[in-house]
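In what follows, a single structure is set out as structure tokens and then discussed.
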Amino acid sequence: MRVAVLSGGRSSEREVSLRSGEAVARGLEEAGHEALRVTISADGGWHCGAEPVALTSGGGLLTADAAFPALHGPFGEDGSVQGLLEWLDLPYVGSDVLSSAICMDKLTLKRLFAQAGLPQVEFVAVGEPDWRSRCAAMGLPLWVKPSRLGSSVGISRVESLDQALEEAVELALRHDPRVIVEASARGREVECSLLGNEEPEASRPGEVIAHGDWYDYETKYREGGMELVVPPSIPEEQSDRVRELAREAFALAGCSGLARCDFFVQADGAVLVNDVNTMPGSTETSVYAALWEASGIPYPELCDRLVQLALERHASARSYEF
């Protein structure tokens, strides 16, 4: 098949996306597909090689059979490009518009989890009634984050409720008018990859060990910044619980194709859901692909299966009358 691989984009995660896109293109080619490398510039222009790409409603994209949007963060992972691909009537890898938007917005996702009773840390939205009092009740340290940004951009660890909290909120507000404050969670950071549509498979979990004060942007992407340990150093029943909750969170958020679910596994045995990432880093060595490699699915096969899942979901969606 011909697969248009989208990378770049307008977000602060542009460089990571370019690496993801090139890895995906090579993986698809190794799996026997033709990869069309489509780069989205920082100002939003689309190009295939040196040629600008024209987009027409219902006209597809460069005669491709499917698209793989290897885009991270706003304007790529938040439902924006997914809506455009729906407008083009082109099958695409990953979650649909609604699910992408839900998972990009930490406040919306955590409220959904709270309503369903999934275990997670306490949180509050900046600007809610008595939000400062609720921050005090959650204890220290606190984590202040833009609600709709990924890769730890704009995040601060707060050790006091005075000027430090105000400065952390001010930093987060530079990136997003919606800001979330979360309680801290003690324990191991464990991640699980998911693959599928209605009945997703869950990979073997892996523990992320950050070689830094905490798992920030620099730690995630610099060489040697983190280590992935598979299997994690937790009891088997906790690993099973991680996989169970990952599938539950995936279904609850309406995800499809792929996702990576992040957890805190505490010493008392509790497993807390932290986040769902609908388009995680997609290089051969990224956590998402590494967990599938450890589960017996090599990278080219993973890329191929993701495209097949995109075609299945598109056919299913088009079977309904609107």
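When a residue number appears, it is its place in the shown sequence, counting from 1. The figures here come from the full heavy-atom set of this structure, side chains too, leaving out hydrogens, waters and symmetry mates.
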Tell me whether [X] contacts the main-chain N or O of [Y] through its side chain, where contact means a donor paired with an acceptor under 3.5 Å.
X      : Y      : answer
Asp275 : Asn277 : no
Arg247 : Leu194 : no
Ser295 : Ser203 : no
Glu293 : Ala290 : no
His33  : Met1   : yes
Ser95  : Ser256 : yes
Glu248 : Arg243 : no
Arg186 : Gln266 : no

Polar side chain donor-acceptor pair, [X] to [Y], under 3.5 angstrom:
X      : Y      : answer
Ser17  : Ser20  : no
Tyr92  : Glu86  : yes
Thr108 : Asp105 : yes

State, to 0.1 Å, how close [X] and [Y] come at their nearest heavy-atom pair, and which atoms those are.
X      : Y      : result
Ala249 : Phe113 : CB-CZ, 3.8 Å
His72  : Ser11  : O-OG, 2.7 Å
Val144 : Ala172 : CG1-CB, 4.2 Å
Ala253 : Leu112 : CA-CD2, 4.1 Å
Arg188 : Ser233 : NE-O, 3.3 Å
Cys261 : Val276 : SG-CG2, 3.9 Å

Note, [X] side chain near [Y] side chain (heavy atom, < 4.5 Å):
X      : Y      : result
Val271 : Glu244 : no
Pro74  : Arg10  : no
Val124 : Glu122 : no
Val153 : Ile155 : no
Trp131 : Val169 : yes
Trp143 : Val158 : no
Leu309 : Leu258 : no
Arg313 : Pro91  : no

How many angstroms lie between [atom1] in [X] and [atom2] in [Y], if you round to the nearest 0.5 Å?
X      : Y      : atom1 : atom2 : answer
Met279 : Glu77  : CE    : CD    : 7.0 Å
Leu165 : Arg132 : CG    : CZ    : 7.0 Å
Leu109 : Lys106 : CG    : NZ    : 9.5 Å
Glu167 : Leu171 : CD    : CG    : 9.5 Å
Glu170 : Ser156 : CD    : OG    : 10.5 Å
Thr283 : Tyr288 : OG1   : OH    : 13.0 Å

So if you build clusters from Ile, Leu, Val, Met, Phe, Trp, Tyr with side-chain heavy-atom gaps below 4.5 Å, do [X] and [Y] land together?
X      : Y      : answer
Leu195 : Val190 : no
Leu173 : Val181 : yes
Tyr299 : Val287 : no
Phe68  : Leu36  : no
Leu140 : Val179 : yes

Applying side-chain contact (heavy atoms from CB on, under 4.5 Å) to Leu149 and Asp176, what does each step give before you reach the verdict? CA-CA 8 Å; Leu149 212 60; Asp176 191 349; 5.8 Å; no

Step by step, work out the side-chain contact (heavy atoms from CB on, under 4.5 Å) result for Ser239 and Ile234. CA-CA 7 Å; Ser239 285; Ile234 58 176; 3.6 Å; yes

Acceptor/donor pairs from residues 53-67 side chains to any protein atom, 3.5 angstrom cut, sequence neighbours excluded:
residue : atom : partner : partner atom : Å
Ser57   : OG   : Trp87   : NE1          : 3.3
Thr63   : OG1  : Arg2    : NH1          : 2.2
Asp65   : OD2  : Arg2    : N            : 2.8

Is it the case that over 12 heavy atoms from other parts of the model lie below 6.0 angstrom from the [atom1] atom of [X]?
X      : atom1 : answer
Phe322 : CZ    : yes
Asp162 : CG    : yes
Glu237 : CD    : yes

Using links of under 4.5 Å between side-chain heavy atoms of ILVMFWY residues, direct or through other members, which residues join Leu107 in one cluster?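 Same cluster as Leu107: Phe123, Ile180.
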
Phe264: hydrophobic cluster co-members (side-chain, 4.5 Å):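 Via sub-4.5 Å side-chain contacts, Phe264 links to Val121, Leu272.
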
Would Phe263 and Asn274 count as a side-chain contact (heavy atoms from CB on, under 4.5 Å) here? Give the steps. CA-CA 5 Å; Phe263 299 87; Asn274 183 42; 5.8 Å; no

Name of the residue among Arg134, Arg157, Lys110 meeting salt bridge (Lys or Arg N to Asp or Glu O under 4.0 Å) with Glu182: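 Going through Arg134, Arg157, Lys110 one by one, the salt bridge (Lys or Arg N to Asp or Glu O under 4.0 Å) with Glu182 is satisfied by Lys110 alone.
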
Under the criterion side-chain contact (heavy atoms from CB on, under 4.5 Å), I'd like the reasoning laid out for Leu291 against Leu228: C-alpha separation, chi angles, the key distance, then a yes or no. CA-CA 9 Å; Leu291 289 176; Leu228 180 66; 4.1 Å; yes

Under the salt bridge (charged side-chain N to carboxylate O under 4.0 Å, His left out) rule, what do Glu29 and Arg26 come out as? Steps first, then yes or no, please. CA-CA 5 Å; Glu29 288 166 347; Arg26 291 197 305 265; over 6 Å; no

If we check side-chain contact (heavy atoms from CB on, under 4.5 Å) with Ser282, which of these qualifies: Leu71, Leu302, Val24?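 Exactly one pass, corresponding to Val24.
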
